[in-house]
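The structure follows.
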Amino acid sequence: MSQLTRERTQQILADAAFKELVSGRARLRWSLSILTLVMFFGFIALISTVRAALGASIAGSAMPLGFALALAMVAAVVIFTGIYVQRSNARFDELTRIVNRELGR
């Protein structure tokens, strides 16, 4: 493995595939993180504003609405993780191979 020099670092940072890889991962990571935060803070806001409604049972069930929403949030986070993994396997891994091939690693 070659020594990482300032010129080599600048070459890597200037590479178009590397820029696409970094920006694509950051965009997806931030998007999913913001969705998760909005969902969780929204749930906290619901708890603080409509507490009685969240304690009400869903029609035909003994399960409270708040519990169903909490389960839906957990499912959403699992789905978000799956989206990230799928996107990573489909696009980011290929970009990583391209960057490694182009930059001789």
Joint hydrophobic cluster, F92 plus I12, side-chain heavy atoms closer than 4.5 Å: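 F92 and I12: separate clusters.
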
Residues that T5 engages under side-chain contact (heavy atoms from CB on, under 4.5 Å), provided they are two or more places apart: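 Checked T5 against side-chain contact (heavy atoms from CB on, under 4.5 Å); matches are E7, R8.
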
Donor-acceptor list for residues 66-90 side chains, cut-off 3.5 Å, not counting sequence neighbours:
from: T81; atom 1: OG1; to: V77; atom 2: O; distance (Å): 3.0
from: N89; atom 1: ND2; to: V85; atom 2: O; distance (Å): 3.4

Pairs meeting criterion salt bridge (charged side-chain N to carboxylate O under 4.0 Å, His left out) with involvement of residues 17-32, two or more places apart: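 For residues 17-32: E20-R91.
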
Contact summary for S57 and A62, nearest pair of heavy atoms: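 Smallest interatomic distance, heavy atoms only, reads OG-O, 3.9 Å.
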
Inter-residue atom distance T96.OG1 - N100.CG, 0.5 Å rounding: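 With rounding to 0.5 Å, OG1 (T96) is 6.5 Å from CG (N100).
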
Interatomic spacing from CG in L103 to CZ in F18 - rounded to 0.5 Å: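 Taking CG in L103 and CZ in F18, the distance rounds to 9.0 Å.
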
Residue pair I98 / R101, side-chain heavy-atom distance below 4.5 Å: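 Sidechains of R101 and I98: in contact.
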
CD on E102 to CD on Q11, rounded to 0.5 Å: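 The distance works out to 10.0 Å.
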
L13 with V22, same ILVMFWY side-chain cluster at under 4.5 Å: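 Yes, L13 connects to V22 through the hydrophobic network.
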
Flag, side chain of S48 to backbone of A45, donor-acceptor distance under 3.5 Å: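 Yes: the side chain of S48 pairs with the backbone of A45.
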
Point-to-point distance, once rounded to the nearest 0.5 Å, from CZ of F41 to CG of L46: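 Reported value, rounded in 0.5 Å steps: 13.5 Å.
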
Connected via hydrophobic side-chain network under 4.5 Å: L32 and L21: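 Same cluster.
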
